[in-house]
Protein chains: 2
Amino acid sequence: MAAASWSERVLHLLNRMNNFYSTGSCRASCLRFEVDGAQVGWIRPHVASLLSRYPQVFTAPRGGAVSLCQSLDSYEGRSEAVHEVLLALRQEDSLTCLRGWRDERYSVMPRFSDPPVMWMERAATSLFGVKRYGVHLNAYTVSDGGEVSMWLARRSSTKQTYPGLLDNMAAGGLAAGVGIKHTLVKECQEEACVPVDTAMTARPAATVSYTYEDEEGVFPESQFVFDLEVPAGFRPRVGDGEVQDFYLLPIEKVKELLATDDFKPNSAMVVLDFLIRHSLVEPDTEPHYQEFVAGLHQTL
Amino acid sequence: MAAASWSERVLHLLNRMNNFYSTGSCRASCLRFEVDGAQVGWIRPHVASLLSRYPQVFTAPRGGAVSLCQSLDSYEGRSEAVHEVLLALRQEDSLTCLRGWRDERYSVMPRFSDPPVMWMERAATSLFGVKRYGVHLNAYTVSDGGEVSMWLARRSSTKQTYPGLLDNMAAGGLAAGVGIKHTLVKECQEEACVPVDTAMTARPAATVSYTYEDEEGVFPESQFVFDLEVPAGFRPRVGDGEVQDFYLLPIEKVKELLATDDFKPNSAMVVLDFLIRHSLVEPDTEPHYQEFVAGLHQTL
């Protein structure tokens, strides 16, 4: 069998990152997770069974949904009650994703523009299929001749997720109550030692959205994408140890790498979005151009 | 009641252009239109009844689908057989959309990357919910001080669709077998008298996709979006009479106008996509930023 083309491998990546939308996904068996009458996530049946042991916090499944008990009617009240349950489940060690406990609070809301209804420990969001938001950066240079190169990071081999894979130069999750650009600038400083003045010139340009599932849970995510053009003399430096090395690579090489298993999948999507916006992939020569764009922006 | 904000009006526009996805749309009652076992469109029940009078071309509805008869097994055979039916229906004058007959052949295919299975008269595509593709151009200038202005067209008052509304400087449908950039350059020449050399510098940057319905049919569309930066001295000129006038407006004014009824809705989406890609709308200050991006890329 002939090796799959770049185009086919990219399509496969996008399908994998959106496998929650495929026929045959767990979606049909999932329960909606509702707070105050509005859906904020998806719960797989085995997680719903565990939660049913806490009837003072979660209602029994009804009409395809699990809700927080009505008595939990405040942001802090809901957050603390769910947190107690999660601490107990973590103690039991029956859910492997809770081994990745982060002590990072993510906001829970029906839509990004809605007020948060509670916060939740980052490691637990996939159990509830709660949407997570983050920031990703495309840092690039343009030579006098117009040649584009991009800075990539190699993730530390001790990272909990995707150790040792290629990644955008900087990226991070959006914690409860923190600004988007502020988060981007902070991640640039911490992960790549980018001076604030330089990081502040990053420009928002897109979001990339997708939903995947694995054995443990459901991962609806949206990443706010920024572009940062840096001068030829710029060099990122390893900061907080999340990264082991940085490389400046010609964009054609980056394009090739993003369709390999050596690249963190959602970061590969962010680079693909960059290639499209910067006319480095063109519709007359890329047969799946329109499907690429669609696959970068799937939402429920 | 307070007037709706710009942000709310834009969200409303996006919802309207994606109303086929709303609960309460005709989607639930529509039949799939299939050719050779693959879906290529959506047919409303009243259209299916009309088609049932031509059993030598269309199968009776079965399993939620209407298909072309298996004996029609070639591109030309299918195209001609459907064309004959459409000419007969046009004669009867029972479908108002066929009064807008264009003599333009659109390709019909399950996905853009698939080989076309037939062609169809442009005016009939909405009856079959066949996806239409087109090109749209954002033509803009950047002053020495970095101020962006955009060229807009005012559609001729005699245009069949959206007469007298504001529009992108150039746009057009993608006819069967014609290249995307080629179509863009041709529309630039015909509609705005843009020299080929200038039009050729347009850069592909996105697609914008949506599906709306009205009484007559279903309109799934994807537009290939190009950006063209023109010098300060550039002036488009009225070409083939599709446009009555052109205006160069500060981008803030364009932003305001796109959320009004004075703007052709899909062209307003193309401008919104430009604003996002060029950081003229930012996620920290636009609460619906992520929903805007999602609304610009809805596909079935």
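A note on names: the letters A, B, ... follow the listed sequences, proteins ahead of strands, and every chain is numbered from 1. Note that the structure is a prediction, hence the values are computed from the model and not measured.
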Would you say the side chain of [Y] lies within less than 4.5 Å of the side chain of [X], judging by non-hydrogen atoms?
X: Ile276(A); Y: Tyr289(A); result: yes
X: Ser149(B); Y: Ile251(B); result: no
X: Phe112(A); Y: Asp114(A); result: no

Any salt bridge between Lys131(B) and Glu221(B), counting N to O under 4.0 Å?
no

Going by distance alone, is a donor N or O of one side chain under 3.5 Å from an acceptor N or O of the other, for Asn19(B) and Ser25(B)?
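Checked: Asn19(B)/Ser25(B) side chains show no N/O donor-acceptor pair below 3.5 Å.
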
For chain A, which candidate among Gln298(B), His288(B), Glu282(B), Glu291(B) shows the most heavy-atom pairs at distances under 4.5 Å?
Glu291(B)

Selection from Ser222(B), Pro283(B), Ala294(B) maximising heavy-atom pairs under 4.5 Å formed with chain A:
Pro283(B)

Among [options], residue most engaged with chain B (heavy-atom pairs, under 4.5 Å):
options: Thr207(A), Leu275(A), Leu296(A), Val225(A); value: Thr207(A)
options: Val208(A), Asp284(A), Leu280(A), Val281(A); value: Asp284(A)
options: Pro287(A), Ala205(A), Ser7(A), Gly179(A); value: Ala205(A)

When you measure from the side chain of Lys181(A) to the backbone of Ala202(A), do you find a donor-acceptor pair of N or O atoms at a distance under 3.5 Å?
yes

Measure distances from [X] to the heavy atoms of chain A and classify the residue's part below 4.5 Å as side chain, backbone, both or neither.
X: Leu11(B); answer: side chain
X: Tyr133(B); answer: side chain
X: Tyr21(B); answer: neither
X: Arg277(B); answer: both

Name the region of Arg111(A), side chain, backbone, both or neither, that has any atom closer than 4.5 Å to a heavy atom of chain B.
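Answer is side chain: those atoms of Arg111(A) sit under 4.5 Å from chain B.
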
Qualifying residue for ring-ring contact (aromatic ring centres under 6.0 Å, His included) with Phe20(B), from Tyr210(B), Tyr212(B), Trp42(B), Phe219(B)
Trp42(B)

